[in-house]
Protein chains: 2
Amino acid sequence: MAYRRTERVVARFNARREAIVEAAKELAAEAGMEAVQIAQVAARANIAAGTVYRYFPSKNELVAALVEGIAARELAVMRHAAMVAPGPLSALAAAIVTFAARSRRQHKLIWAVLAEPVDHDIGALRISCRKTLAAEFEARIAAAIAGANLPEQDSALTSVALLGALLEGLVGPLAPEPGDDWKMRDSVQALTLNALRGLGVVDARARGLVVQAAWPKEAAA
Amino acid sequence: MAYRRTERVVARFNARREAIVEAAKELAAEAGMEAVQIAQVAARANIAAGTVYRYFPSKNELVAALVEGIAARELAVMRHAAMVAPGPLSALAAAIVTFAARSRRQHKLIWAVLAEPVDHDIGALRISCRKTLAAEFEARIAAAIAGANLPEQDSALTSVALLGALLEGLVGPLAPEPGDDWKMRDSVQALTLNALRGLGVVDARARGLVVQAAWPKEAAA
DNA sequence: ATGAAGCGCGAATCATGGTTCATTCCTTGG
DNA sequence: CCAAGGAATGAACCATGATTCGCGCTTCAT
């Protein structure tokens with residue numbers, strides 16, 4: 001026998017699999033989803049097209065791995081930011097500003113993953129990712145309502161709208177071109193303020209200052 | 001000679017051209033952009049595939065006609081609603097609620113036209129449509145700021161976010177399934193309130209009542 | 001060292017869907 | 001009514017991009 005599941009072999013397998021996803025991620029971040037083609041991904045990863053199929057049964061599986069990876073990462077960072085906040089409202093603000101800031105930084109990638117045209121099968125996966133992100137917001141909003149920090153409202157609806165506002169305003173094609181760091185910080189600050197006010201925060205401006213202070217730490221990749 | 005540019009011929013040409021766009025629109029509204037294929041459009045319009053090319057030089061031109069038609073219509077209705085409003089803030093509220101209500105009703109079509117996956121060339125056209133809609137909101141917001149009805153803010157940014165919130169919250173795949181008329185009215189009402197508050201309207205609830213009253217008339221197709 | 005079992009290759013194949021064009025069908029002006 | 005020429009047809013064609021597969025090359029267990 002030969003080529004058993006020795007750990008050296010497994011390690012190499014995982015490493016190359018990772019490299020393929022990474023190549024796909026780079027392409028998505030640089031040129032959008034349409035550039036994520038097997039041939040290009042393979043070239044970027046220095047392998048042949050056919051080899052990709054030794055690691056993923058289909059292109060959709062590859063894209064799924066990419067999308068889920070990004071979504072899971074962003075969700076984790078958002079959760080962490082919310083977790084270290086002192087109260088429900090601060091947690092909500094932290095989740096919003098964290099998502100906003102990171103999305104602004106990685107806008108091409110986030111757009112590609114969450115909103116850009118793809119195959120029908122991927123569409124469904126993407127919807128579930130958006131749903132997950134929206135659910136995170138919803139949980140924070142619901143908690144704030146429960147704590148009487150926000151007025152009664154349909155949190156399912158407002159959380160989805162919140163996600164839409166952030167995506168469209170910060171990462172979509174209509175979003176202001178990403179300029180210097182300060183400009184980006186301003187837009188994140190402004191939209192966060194806008195969102196919090198919309199949810200019913202009365203002293204949103206004061207919260208905004210907290211947000212401002214939180215920026216440099218939270219925005220790190 | 002035969003077949004001169006007689007008006008009868010021209011009329012028939014226009015009618016069929018219109019029928020083709022209408023067929024495309026139906027398909028988009030029923031099954032999304034991916035169902036808008038030359039073969040299907042032709043079948044729906046009771047003509048052969050090749051015939052489509054006598055009316056449109058390419059599929060993109062056809063889709064462009066479809067998209068631009070929808071966008072122009074929605075924009076016109078929005079403008080009209082705003083025009084008959086008594087003041088800048090009411091005009092803004094009217095524009096928002098009109099767009100929201102109509103989008104909710106035609107959510108599949110609006111989604112297909114403004115957000116669903118398509119060919120790269122169409123992508124650019126779509127961006128310009130979204131830009132036009134956002135610009136309409138922006139003008140209303142700017143007017144309200146000028147009239148001291150809204151606090152100072154980056155209207156370009158908030159208008160885009162507003163569009164995103166409405167699209168995601170009311171027509172996107174995460175939007176609540178369109179139920180009975182009252183449910184839809186509630187969601188439109190809630191998001192409008194949310195949006196106005198976000199923009200800095202303090203008595204948003206009162207404005208919401210105006211919105212409520214305006215519904216039946218404005219929502220007509 | 002050796003050979004069995006995977007691996008990597010990349011040109012060929014397949015699927016999809018837009019576009020073309022030789023042929024046939026109609027409408028119109030006389 | 002007739003012929004001239006535009007309109008309609010739809011099967012064939014083409015472009016794109018995912019997927020397959022037979023052939024050598026590596027690596028591991030002995």
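Note on naming: letters A, B, ... go to the chains in the order of the sequence lines (proteins, then strands), and numbering restarts at 1 for each one.
Computed from coordinates, the A/Q40 CD to D/dA18 C1' distance equals 13 Å when rounded to whole Å. Here the P atom of nucleotide D/dG10 and the CD1 atom of B/I38 are 16 Å apart, to the nearest Å. The CZ atom of B/R17 sits 14 Å away from the P atom of D/dA7 (whole-angstrom rounding). B/D121 places its CG atom 14 Å from the C1' atom of D/dT16, with the value rounded to the nearest Å. The CD-P distance, from A/E34 to D/dT16, rounds to 13 Å in whole Å. In this entry the distance linking CZ of B/R12 with C1' of D/dA7 reads 8 Å, nearest Å.
Ionic pairing of A/R104 and A/D186 is not present here: no N-O contact between side-chain nitrogen and carboxylate oxygen is shorter than 4.0 angstrom.
Proximity of residues 41-57 of chain B to DNA chain C (heavy atom under 4.0 angstrom from any strand atom) is restricted to B/G50, B/Y53. Contacts of residues 58-66 of chain A with DNA chain D (heavy atom under 4.0 Å): A/S58, A/K59.
Among residues at least two apart or in separate chains, salt bridge (Lys or Arg N to Asp or Glu O under 4.0 Å) pairs with a member in residues 39-53 of chain A are A/E26-A/R44, A/E30-A/R44. Counting only residues at least two apart or in different chains, ring-ring contact (aromatic ring centres under 6.0 Å, His included) contacts with residues 153-181 of chain A are absent. The stretch residues 162-184 of chain B participates, sequence neighbours left out, in no ring-ring contact (aromatic ring centres under 6.0 Å, His included) pair at all.
Partners of B/A190 according to the side-chain contact (heavy atoms from CB on, under 4.5 Å) rule, which considers only residues two or more places apart in sequence or in another chain, are A/L157. Applying the side-chain contact (heavy atoms from CB on, under 4.5 Å) rule to B/E18 yields no partners; only residues at least two apart in sequence or on another chain are considered. Taking A/R79 as the reference, A/L75, A/E136 meet the side-chain contact (heavy atoms from CB on, under 4.5 Å) condition, with sequence neighbours excluded. Checked against ring-ring contact (aromatic ring centres under 6.0 Å, His included), A/F56 has no partners two or more places apart in sequence or in another chain. Residues satisfying the side-chain contact (heavy atoms from CB on, under 4.5 Å) test with A/A156, not counting sequence neighbours, are A/E138, A/D154.
Between A/R16 and the phosphate of C/dC7, there is no side-chain N or O to OP1/OP2 separation shorter than 4.0 Å.
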Protein N or O to nucleotides 13-15 of chain C N or O, pairs below 3.5 Å:
none

Report, one line per pair, each donor and acceptor closer than 3.5 Å where one atom sits in a side chain of residues 168-177 of chain B; sequence neighbours left out.
{"unit_1": "B/E168", "atom_1": "OE1", "unit_2": "A/R130", "atom_2": "NH2", "d": "2.3"}
{"unit_1": "B/E168", "atom_1": "OE2", "unit_2": "A/R130", "atom_2": "NE", "d": "3.1"}
{"unit_1": "B/E168", "atom_1": "OE2", "unit_2": "A/R130", "atom_2": "NH2", "d": "3.0"}

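For the atom pair B/I122 CD1 and B/N60 CG, the distance stands at 4.0 Å (nearest 0.5 Å).
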